[in-house]
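For reference, the structure discussed in these notes is given below.
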Amino acid sequence: RALLWEAGGGGRAAGGDIRLGSAPRLALEPLGGKREALEALGGKREALEALGGKREALEALGGKREALEALGGKREARACARLRAAVRVPTVSREGPGAADEVALLRFGRLLREEFPAVFESELVTHDLVANFSHLLTVRGADGGRTPYMLTAHLDVVPAPDYGWDVPPFSGEIHQGYIYGRGTIDDKHSLMAILEALELLLQRGFVPQRTFYIGIGHDEEIGGDKGARNIAKVLESRGVKLDFLLDEGMVILDGVVPGLQIPVAVVGVSEKGSLMLRLRVRTETGHSSMPAKESCIGILSAAITRLESNPLPQQFGSGPERALFEYLSPQFNFPMRVVTSNLWLFGPIFSWVLGQKPTTNALIRTTTAVTEFHAGVKPNVVAPLAEATVNYRIHPAQSVSEVLRLTEEIIADDRVELEVLSSMEPLPISPFDESATGYWTISKSITDTFPDIVSAPGLCIANTDTRHYQKLTSALYRFTPVWNKLEDIPRYHGVNERISLQNYKQTIHFYFNLMQNADQEEPLIKHFHTEDL
Ligand SMILES: CCCCCCCCCCCCCCCC(=O)N[C@@H](Cc1ccccc1)C(=O)O
Ligand SMILES: [Zn+2]
Ligand SMILES: [Zn+2]
């Protein structure tokens, strides 16, 4: 496999030209080549420090076989180096006017052009810069009669203070077989893997039958109003209609779904809505030696306590969360198999079980998260104002207005003012029946990449850029093939965000398979196989 990866040539690796000195030979061997090992490990000094000896090298990469598999060839090592270079550009999105780091956003655009020459120089590919920092690539298919499809990702990331990380969040360091850093699973992994797959296919002379678009937004983490919204507008103005669109959202879950022993790839076919609500209490201020009976802080705290102790009602029923369990039913062990195949009977008890853990609770109800609280000006001054933010994620069976009504009922205190900061209704359910070609193209590409796992439709509990593309298609799907165990879920927007070298390789394979599967008429048959990579 390594030879075939090398035979394709092409692609300049990030990290520059590194001269080899006294790096221990035995340490380099398991990494498949000196230069690649150094590049994959970020430079000579880092490589020497990290590798210091064979045993340490193997330990750092989780064992010889894993090291060979994970970094078995030049292309793979270069792909890892490119993802690491992408992580090192701190394209952080922050709330507020003028908060974008424009230098980083421009630098990222340059990095893409430099690292994917076959993509950016191909006659088949047109590149549009949108809203200064977002990118739209059009890959022209040979058969103009076929409806195009679209892959989307975003290049911005949420902030990452250093605190709590095992390695600095924008270093892109490799640690124990994982690339660490902000963006490695949200969402630079998918953006870079899409371009890696296209680069490889173009180098092999691949001409797609069907036109497809790649949309790369630069402000997804703050709503996508500049990036994705304008990319969609460009396509709308060109009269484009899409067969389907695939964005980030759901993932591979291993040991996350209660009672399911095997990993499942969940393809998000709908997305929860969102409501950001500001709660505000004003009271008279004055000297703290003569306080009134109740403070704005006490009044607001009581309101928040009521909201947290009265979760909105569970909605387990006809939505995509039910489809997930019905699809997976044969895979559950006894007695869960009986429960999930008879949800008409066991629905209420099953939804109670799902409600016990934050991850599964998010599937069955509108969730209530108190995310901010500010009050007080000085230790000896009665606070004049207390403010809090509540973020609801709205289940598809509810609406923004219903959540507002329930909130007023639960708080039941006129002194608490409510202000809607932003709101968004849940998204419609995309097709996943037998005739849903987009859904099945994604599903087949998952099986081609991961033969031992099942896939199923489900509800995406976070928001993505997909809502901006609603006028182009009603077949919106949300999935990237990141392999998550339960303990990995907090890495999203959290500390120690990371992807294993093996999983990143699989991510490239997934898009490589998808770009070919999307071209097929029924039955879906591939041309190139990932073994050829
Ligand atoms: C069966 C149990 C289900 C468990 C599900 C675990 C899912 C793992 C989480 C994966 C999340 C990845 C996608 C993140 C997308 C994201 O960060 N969105 C952000 C940014 C945003 C905010 C407002 C509007 C648009 C966008 C968000 O939703 O806050
Ligand atoms: Zn994201
Ligand atoms: Zn995110």
Side-chain angles (χ1 to χ4, degrees), residues 91-95 152-160 182-191 216-229 247-260 263-268 271-276 316 319-325 327-328 332 340 350-351 353-365 367 369 371 389 391-394 421-427 456-469 477-494 497 499:
T91 49
V92 175
S93 271
R94 291 192 171 81
E95 306 283 344
T152 52
H154 61 93
L155 62 85
D156 61 321
V157 293
V158 291
R182 187 55 94 224
T184 50
I185 52 174
D186 180 13
D187 180 34
K188 287 178 175 171
H189 70 299
S190 101
L191 148 54
I216 305 169
H218 73 272
D219 60 348
E220 188 274 350
E221 295 292 2
I222 48 172
D225 284 332
K226 291 186 180 142
R229 196 159 68 96
D247 195 6
E248 66 167 345
M250 290 305 277
V251 290
I252 297 170
L253 298 172
D254 181 3
V256 179
V257 182
L260 190 70
V264 56
V266 183
V267 180
E271 183 175 313
K272 289 178 102 175
S274 172
L275 168 63
M276 293 283 183
F316 188 71
E321 78 285 353
R322 185 181 179 121
L324 173 72
F325 294 102
Y327 258 68
L328 293 176
F332 280 97
T340 51
F350 189 54
S351 75
V353 172
L354 296 177
Q356 300 312 299
K357 287 202 177 136
T359 40
T360 44
N361 182 49
L363 291 178
I364 60 159
R365 59 163 45 86
T367 50
T371 51
T389 312
N391 182 203
Y392 291 101
R393 299 296 176 126
I394 306 171
L421 299 179
S422 66
S423 70
M424 167 190 153
E425 299 290 353
L427 269 80
L459 172 64
C460 182
I461 58 173
N463 292 121
T464 67
D465 269 341
T466 53
R467 71 187 173 290
H468 298 294
Y469 297 101
Y477 303 103
R478 302 143 187 98
F479 174 77
T480 68
V482 180
W483 195 289
N484 286 280
K485 291 187 181 281
L486 192 57
E487 63 268 26
D488 296 320
I489 304 292
R491 298 182 197 275
Y492 288 90
H493 293 195
E497 183 178 346
I499 191 166

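Indexing begins at 1, ligand by ligand and atom by atom, following the structure's order. Numbering of residues begins at 1 and proceeds along the displayed sequence.
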Problem set entry | Test side-chain hydrogen bond (donor to acceptor under 3.5 Å, both in side chains) applied to His154 and Asp219, step by step | CA-CA 7 Å; His154 61 93; Asp219 60 348; over 6 Å; no
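Heavy-atom separations between His493 and ligand 1 include at least one value shorter than 4.0 Å. Between Met250 and ligand 1 there is a heavy-atom distance shorter than 4.0 Å.
At a heavy-atom distance under 4.0 Å, no atom of His468 approaches ligand 1. If you look at Val257 next to ligand 1, the close heavy atoms, those under 4.0 Å, all belong to the side chain. Neither the backbone nor the side chain of His154 has a heavy atom within less than 4.0 Å of ligand 1.
Counting all heavy atoms, side chain and backbone alike, Ile252 lies closest to Pro481 at CD1-O, 3.8 Å. Summarising the geometry of Thr184 relative to Glu497, their closest heavy-atom pair is N-OE2, 3.1 Å, with the distance given to 0.1 Å.
With Arg365 contributing its side chain and Ala362 its backbone, the two residues share no donor-acceptor pair below 3.5 Å.
Looking at Tyr492 and Asn484, their side chains do bring a donor and an acceptor atom within 3.5 Å of each other.
Within His493, NE2 is the N, O or S atom that lies nearest to the Zn ion (ligand 3).
Of all atoms in ligand 1, listed by their number and element, those nearer than 4.0 Å to a heavy atom of Arg393 are 27 (C), 28 (O), 29 (O). Atoms of ligand 1 lying under 4.0 Å from any heavy atom of Glu221, numbered from 1 in the order shown and given with element: 17 (O), 19 (C), 20 (C).
Protein N/O/S atoms closer than 2.8 Å to the Zn ion (ligand 2), listed by chain and residue number, are His154 NE2, Asp186 OD1, Glu248 OE1, Glu248 OE2.
You'll find the side chain of Asp247 stays beyond 4.5 Å of the side chain of Tyr469, heavy atoms only. Side-chain contact between Asp488 and Trp483 is absent, with no heavy-atom pair separated by less than 4.5 Å.
Considering backbone and side-chain atoms alike, Thr359 places every N or O at 3.5 Å or more from each N or O of ligand 1. An N or O contact shorter than 3.5 Å is missing between Tyr492 and ligand 1 by distance. The shortest N or O to N or O distance between Glu248 and ligand 1 is not below 3.5 Å.
Within the set Gly249, Gly268, Ser274, the minimum heavy-atom distance to atom 13 (C) of ligand 1 is found for Gly249.
The side chain to side chain donor-acceptor pair (under 3.5 Å) check on Asn463 picks up Glu271, Arg393, with sequence neighbours excluded.
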